[in-house]
Number of protein chains: 2
Amino acid sequence: MFSMKTKYAIKALIRLAHKRHNGPVLIADLSVEEGIPKKFLENILLSLKNEGMLASRKGKGGGYALLRRPEDIRIAQVVQLFDGPLAVPSCVKMSMVRSCNACGESPQCGLRLVMAELKESISGCLDRLTLLDLVLESEEPVFDPVI
Amino acid sequence: MFSMKTKYAIKALIRLAHKRHNGPVLIADLSVEEGIPKKFLENILLSLKNEGMLASRKGKGGGYALLRRPEDIRIAQVVQLFDGPLAVPSCVKMSMVRSCNACGESPQCGLRLVMAELKESISGCLDRLTLLDLVLESEEPVFDPVI
DNA sequence: TTAATGACGACTATTATAGTCGTCTATATT
DNA sequence: AATATAGACGACTATAATAGTCGTCATTAA
Ligand code: SF4
Ligand code: SF4
């Protein structure tokens, strides 16, 4: 469903969100805490930085930090960054890239309906979710003291 | 999104549904009409037959035919046959196979929410659609004669 | 000046997909 | 029975994507 890059990216973002009031986080720390191969994580964080979601600082005391608020980071954007645009057929008009395939795009092609509906479902879901939702979900559950 | 096998399978099923009152359809014909490599289509149809959706007859006058009614064939079943079960994380309890990945399945993993919601969206969509829906969609539009 | 730390291009290994080939088996027709 | 037709089926290949590694360079704080 998702590539490892996407999954690692989301996990790293959640971790960075949790730590965002403690100054920059080292790649090495993130790598250990989330069990992500360090060199691989490097690439991923760099992409996220270029996307404008993270800031970094080199040298001693450096590291990565969240640049935008968790509620302003859509999961859809992360997925799109690593797994590319949702592979919607070219006949379903959107600025999406990969064509569904060699079909002449006949207006009666029966695949269109599935593709279109699925696209609605998925992007509806991913557009709605933000990093904040995931952060809240992954927090330690609060124990209500009885009485 | 879908493998070619899945897409070809759906297209072939639609075509077979359209022709289902005309006796068995040759692989060769389906292949030409839908632009599917013949040998490849062979495998696909065989899988669909083993799944109980199609019947076949060998020899002269043979070919493939739809075994169940279009409204009884769920698109989800076709997708699952060729692309395997939706890759839902093992932590989201369902009888799904591929694990999301080496994570210890901590109850606080933030990925769970995305995976679970997405799974709902997608399988909701694919479970709802049947072959009949696609067949209707791909029929020639009826021209209402004015007056 | 130096140790820490991110940046970045090139490389590799593994796997999945898409598709092909050859041969065998079943059936209808004559 | 003979033959042409048509599906069954296992083995094979080519290509591309994914997941990840390696080496080196650039920047910064102390
Ligand atoms: S195969 Fe059908 S759904 Fe896909 S691009 Fe062509 S017309 Fe659209
Ligand atoms: S990584 Fe998270 S979502 Fe995936 S299986 Fe593990 S706990 Fe579940």
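The sequence lines fix the lettering, A, B, ..., with proteins before strands; numbering per chain opens at 1. Computed from a predicted structure; not experimentally measured. Quick note: numbers below take in every heavy atom, side chains included, and nothing from hydrogens, waters or symmetry partners.
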Can you tell me the distance, in whole Å, between the CG atom of B/Leu30 and the C1' atom of D/dA6? 13 Å

State whether the number of non-hydrogen atoms from other residues, nucleotides or ligands found under 6.0 Å of A/Arg128 atom CZ is greater than 12. yes

May I ask you to say what A/Leu45 touches in the nucleic acid, namely base, sugar-phosphate or nothing, with a heavy-atom cut-off under 4.0 Å? nothing

Between B/Arg20 and B/Pro70, is any pair of side-chain heavy atoms under 4.5 Å apart? yes

In this structure, how many angstroms lie between the P atom of D/dA19 and the CG atom of A/Leu41, rounded? 14 Å

N/O donor-acceptor pair, side chain A/Lys39 with base D/dG23, under 3.5 angstrom: yes

Quick check on the hydrophobic clustering: are A/Met53 and A/Leu26 connected, directly or via other members, by side-chain heavy-atom contacts under 4.5 Å? no

To the nearest angstrom, the CD1-C1' distance between B/Ile44 and D/dG7 comes to 15 Å

Please tell me if B/Tyr64 has a side-chain N or O lying less than 4.0 Å from either OP1 or OP2 of D/dA8. yes

Atom CG of B/Leu46 to atom P of C/dA26: distance rounded to whole Å? 14 Å

A/Arg69, CZ atom: more than 12 neighbouring heavy atoms under 6.0 Å: no

Send over the distance from B/Met4 CE to C/dA18 P, rounded to a whole Å. 7 Å

The answer to which of A/Lys60 and A/Ser3 contacts DNA chain D further toward the 5' end, by nearest nucleotide, is A/Ser3

Among C/dT5, D/dA19, C/dT25, the one nearest any side-chain atom of A/Leu26 is C/dT5

Which nucleotide, C/dA18, C/dT20, D/dG7, lies nearest any side-chain atom of B/Pro37? C/dT20

If I compare all heavy atoms of B/Ala76 with all of B/Asp127, which pair ends up nearest, and what's the gap? CB-OD1, 3.1 Å

If the cut-off is 4.0 Å, is A/Ser56 near the phosphate of C/dA7, judged by side-chain N/O to OP1 or OP2? yes

Give the nucleotide from the list C/dA18, D/dG7, D/dG20 with an atom nearest to the side chain of B/Ile27. D/dG7

Nearest-nucleotide pick for B/Asn43, side chain only, options being C/dT20, C/dC8, C/dA26: C/dT20

Using a heavy-atom cut-off of under 4.0 Å over every strand shown, decide if A/Lys49 touches base, sugar-phosphate, or nothing. sugar-phosphate

Once you round it to whole Å, what is the distance between P of D/dT21 and CD of A/Glu42? 11 Å

What integer distance in Å separates B/Lys58:NZ from D/dA4:C1'? 15 Å

I need the CZ-C1' distance between B/Phe2 and C/dT17, as an integer number of Å. 16 Å

